[in-house]
2 protein chains.
Amino acid sequence: MVNSNTGVNLPALRSHNAALVLNLLRTAGEDGVSRLDLAERTGLTPQAVSKITGRLRAEGLAVDAGRRASTGGKPRTVLRLLPGAAHAVGLHLDRDELTAVLVDLSGTVIEANVVPLDLGAGAEVVMEVVTGEVAALATDTVLGVGVAMPGPLDHAAGVPHRVTRFPEWDGFPLRDALAARLRLPVVLDKDTNAAALGLALRGAGADSFAYLHLGTGLGAGLVLGGALYRGARTGAGEFGHQTIQLDGPVCGCGGRGCLEALCLAAVARGDLAGAARVLGAGAANLVSLLDIDRVLLGGRIVTGAAEPFVRGVRAVLEERARRGGEPVVPVALAQDSAHPVAEGAAQLVLAPVFGR
Amino acid sequence: MVNSNTGVNLPALRSHNAALVLNLLRTAGEDGVSRLDLAERTGLTPQAVSKITGRLRAEGLAVDAGRRASTGGKPRTVLRLLPGAAHAVGLHLDRDELTAVLVDLSGTVIEANVVPLDLGAGAEVVMEVVTGEVAALATDTVLGVGVAMPGPLDHAAGVPHRVTRFPEWDGFPLRDALAARLRLPVVLDKDTNAAALGLALRGAGADSFAYLHLGTGLGAGLVLGGALYRGARTGAGEFGHQTIQLDGPVCGCGGRGCLEALCLAAVARGDLAGAARVLGAGAANLVSLLDIDRVLLGGRIVTGAAEPFVRGVRAVLEERARRGGEPVVPVALAQDSAHPVAEGAAQLVLAPVFGR
DNA sequence: TCACTTAAGCAACGCTGTTGCCAAAGTGCA
DNA sequence: TGCACTTTGGCAACAGCGTTGCTTAAGTGA
């Protein structure tokens, strides 16, 4: 109940606690959690947990799943999330293809389809393709559709801004148009944010981390304090055009010495170690400024040559930690799922169910 | 009720809503707010607000304060915070002096004292001076003592780390030692964080902003989404050693091309415009990454030559906004109070009362 | 004067998590 | 095998939250 600007009444309290319990069930996965564990981890009384889990079982969201070994008394009954109780559709609108996935409550992919798509073909064509793909996936347990696309965009309003190379999307009310067409709730967000959310919910092993994505461009998704950080106008995570070399080479954005320009230039001339060093410097800036737990790397260029990138970025962060006498912030490759962005997009819909 | 990892019960709900109402009363200041305004802004029903304000009046935290003009019916009764109902002590432990202030609930300074202090004189001597100063200020309505000092430090544990030039503080359990001695709750935080919190509560005109402090060093306090952002290990805001010039001049920290080194070097050679340009580049990086609403500047060097700094930083941010076709993020001098850090330190104690 | 409007509290209510208690289901020793 | 003990977890009663329904207070305007 931290940092809310609105009053809270009993229904809100109830759903908050229910979401909390659901999230713990989700985290536990197949293993399940006992009621007393839930009580301890929520701070609620065992009796309150019994009531809450009773409701969740009645709604078909949770089930009993065996029992733990006894510790001298009645053994604990274990509860488990029923993943099939609800689903979400995740869409990744990329520049040249559309990925659509259906996931269940646990985040498991039930079905995935990839079709060609020209993001520049105009809203009407794109909406048509999207509608078809969603129709092919949607069941009556689908809670909504999450849509991820290249930024910048306005998450709160559900409106893309000037997508690089496809400026015609600027201002098109994509979320509302899709919601009306699909008759389902729709959530729109940046591809990097979706990927970061997916990582956070799959258990990135950190409460705060930065996901750095080096593909056609360089972007970041920030998870701070367990929640995706979007910023005041939901434009946070613009990482590629951080100045890291005052008066450096001119970048496509018009600035000079941008991280993205330097990084891609190094990649272009085959200097992966140099690219990693530049990326590492940017990562070190992030770590210092935001005091995050972890740095995760992803994107086409990184996955194509994971080892030099992970090692190069790690070296810069270790050097930084050594200087400051601070613990080293670990760097790792973002554990890949088959369609990280589309799955993260689906999590845009599921996250609120778990209070995230 | 966003982003809490603990369960919520009725007492917690009650204090949350009460804090929310208190915060609105605080924001309104002398003018006061009507019950119906409170209801609208909290989302609670008018009857709930009546009950809550009734309790606050019974506790002596709020009082009736006249009425608004009628709009065709019974005029609204206006409520006002009773600032003298509680107080807090704020301490600024600087390298060469100690500032101690007593503030009331509204943040108004009741009394302020500045005495010489050698931060390197050892914990025992410092504690002795602090105890004396707090005793001189404390009344029986004091809720606690907020302590601000140069970082880095661990806010959660209340333990300083390696304070530049005074490494002997590393690991000393300052918060607990002071709390035991003063028999009052104590909160410890970085000076830049305290200053930023003070600005946030005095109404910085923004929900998210960065306070950049250029004094003997360069630091930042981040307020994101209305709350002070401290990061995973409460070390966030390390702004001075952001790399902004790859392979640039060596900095005292051992790194190269740090913002602080470049900025201070420019100041040292009298090139304020150059310093402002460097600071602006760092600010632009912050704005892009975190999508904040506002940049506030402070610190001895900036206040000594406000105009060139504000203009220089603003120029860089305007240029950036122009390139991206985005709204310009305003830059301003942090509106100075007499003792910004000490007053902010006091707010470390008061902020929880208002749910911040 | 009187109809109307707006504000705000009293009383009853539904629902929350909590407390007190008890039954269920184990362990372990005699 | 029996019994004391431990641990789990639900039933029932309860205090207390915001909400709903309604009444009273306090204005405006014809």
Side-chain angles (χ1 to χ4, degrees), chain A residues 1 4-22 24-25 32-59 62-80 355, chain B residues 1 4-22 24-25 32-59 62-80 355:
Chain A
M1 190 136 70
S4 152
N5 289 317
T6 55
V8 178
N9 52 21
L10 289 180
L13 180 150
R14 170 181 171 145
S15 60
H16 172 260
N17 286 343
L20 209 63
V21 169
L22 273 176
L24 291 173
L25 288 172
V33 205
S34 72
R35 286 176 181 76
L36 285 170
D37 281 342
L38 290 171
E40 196 170 344
R41 293 165 70 175
T42 56
L44 296 171
T45 60
Q47 179 59 25
V49 171
S50 268
K51 284 190 179 180
I52 293 166
T53 54
R55 289 196 296 261
L56 294 178
R57 293 194 318 178
E59 293 165 22
V63 286
D64 276 357
R67 40 183 54 182
R68 295 255 177 278
S70 166
T71 58
K74 177 175 176 178
R76 300 185 173 185
T77 324
V78 170
L79 294 164
R80 192 172 54 80
Chain B
M1 192 138 66
S4 154
N5 288 318
T6 56
V8 179
N9 53 21
L10 289 181
L13 179 149
R14 170 181 169 146
S15 61
H16 172 262
N17 286 344
L20 209 63
V21 170
L22 271 176
L24 290 173
L25 288 172
V33 203
S34 72
R35 287 176 181 75
L36 284 170
D37 281 341
L38 289 171
E40 195 170 343
R41 293 166 69 177
T42 55
L44 296 170
T45 60
Q47 180 59 27
V49 171
S50 269
K51 285 190 177 180
I52 292 165
T53 54
R55 288 196 296 261
L56 294 179
R57 292 194 317 176
E59 293 165 21
V63 286
D64 276 359
R67 37 183 57 181
R68 295 254 177 277
S70 165
T71 58
K74 177 177 175 178
R76 300 184 173 186
T77 322
V78 170
L79 293 164
R80 190 171 57 80

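Because only heavy atoms are used, hydrogens play no part in the values below, and waters and symmetry mates are left out as well, while side chains stay in. Letters A, B, ... are given to chains in the order of the sequence lines, protein chains preceding strands, and every chain is numbered from 1. Note that the coordinates shown come from a computational prediction; the quantities given were computed from them, not determined experimentally.
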Undergrad: CZ of A:R14 versus P of D:dG16: gap in Å, rounded?
TA: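 Computing the A:R14:CZ to D:dG16:P distance gives 22 Å.
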
Undergrad: How far does NZ of B:K51 sit from CG of B:N17, to the nearest 0.5 angstrom?
TA: 12.5 Å

Undergrad: Provide the closest heavy-atom pair for B:G7 versus A:L20 in the form atom of the first, atom of the second, distance.
TA: N-CD2, 3.2 Å

Undergrad: Take atom CZ of A:R35 and atom P of D:dC11, then tell me their distance rounded to the nearest Å.
TA: 11 Å

Undergrad: Whole Å only: how far is the NZ atom of B:K51 from the C1' atom of D:dT20?
TA: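 It works out to 11 Å between those atoms.
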
Undergrad: CD of A:Q47 versus C1' of D:dT7: gap in Å, rounded?
TA: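 The distance from CD of A:Q47 to C1' of D:dT7 comes to 15 Å, rounded to the nearest Å.
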
Undergrad: Answer yes or no: does a side-chain N or O of A:T77 lie under 4.0 Å from OP1 or OP2 of D:dG9?
TA: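 True: A:T77 side-chain N/O within range (under 4.0 Å) of D:dG9 OP1/OP2.
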
Undergrad: Can you list the steps and then say if A:I52 with A:T42 is a side-chain contact (heavy atoms from CB on, under 4.5 Å)?
TA: CA-CA 12 Å; A:I52 293 166; A:T42 56; over 6 Å; no

Undergrad: What about B:K74: does its side chain form a donor-acceptor pair under 3.5 Å with the base of D:dT28?
TA: no

Undergrad: In whole angstrom, what separates B:R68's CZ from D:dT28's P?
TA: 16 Å

Undergrad: Reading DNA chain C in the 5' to 3' direction, which nucleotide is the first one with an atom under 4.0 Å from a heavy atom of chain B, and which is the last?
TA: C:dT5 to C:dT18

Undergrad: In terms of heavy-atom contacts, does CD of B:E40 have more than 12 from other residues, nucleotides or ligands at under 6.0 Å?
TA: no

Undergrad: Please figure out whether A:P46 or A:L10 has its closest DNA chain D nucleotide nearer the 5' end.
TA: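 Mapping each residue to its closest nucleotide by heavy atoms, the 5'-most match is A:P46.
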
Undergrad: Which is more 5' along DNA chain D, the nucleotide nearest B:P75 or the one nearest A:S34? Just name the residue.
TA: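 In this pair, the answer is A:S34.
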
Undergrad: Any side-chain heavy atom of B:H16 sitting closer than 4.5 Å to one from B:V8?
TA: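 In short, these two side chains do not touch, never coming nearer than 4.5 Å.
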
Undergrad: If you pin B:V49 and B:T71 to their nearest nucleotides in DNA chain C, which one's is more 5'?
TA: B:T71

Undergrad: Between D:dT28 atom P and B:R67 atom CZ, what is the distance in whole Å?
TA: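 Distance, rounded to whole Å: 10 Å.
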
Undergrad: Using the rule given for side-chain contact (heavy atoms from CB on, under 4.5 Å), can you reason through A:L10 versus B:L10, listing the C-alpha separation, both sets of side-chain angles and the distance that settles it, and then say yes or no?
TA: CA-CA 8 Å; A:L10 289 180; B:L10 289 181; 3.5 Å; yes

Undergrad: A:R55 near the nucleic acid: base, sugar-phosphate alone, or nothing, with a heavy-atom cut-off under 4.0 Å?
TA: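 Touches sugar-phosphate only.
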
Undergrad: List in chain and number order the residues that pass side chain to side chain contact (heavy atoms under 4.5 Å, CB included) with A:R41, two or more places apart in sequence or in another chain; answer none if no residue qualifies.
TA: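 Listed in chain order: A:L24, A:V33.
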
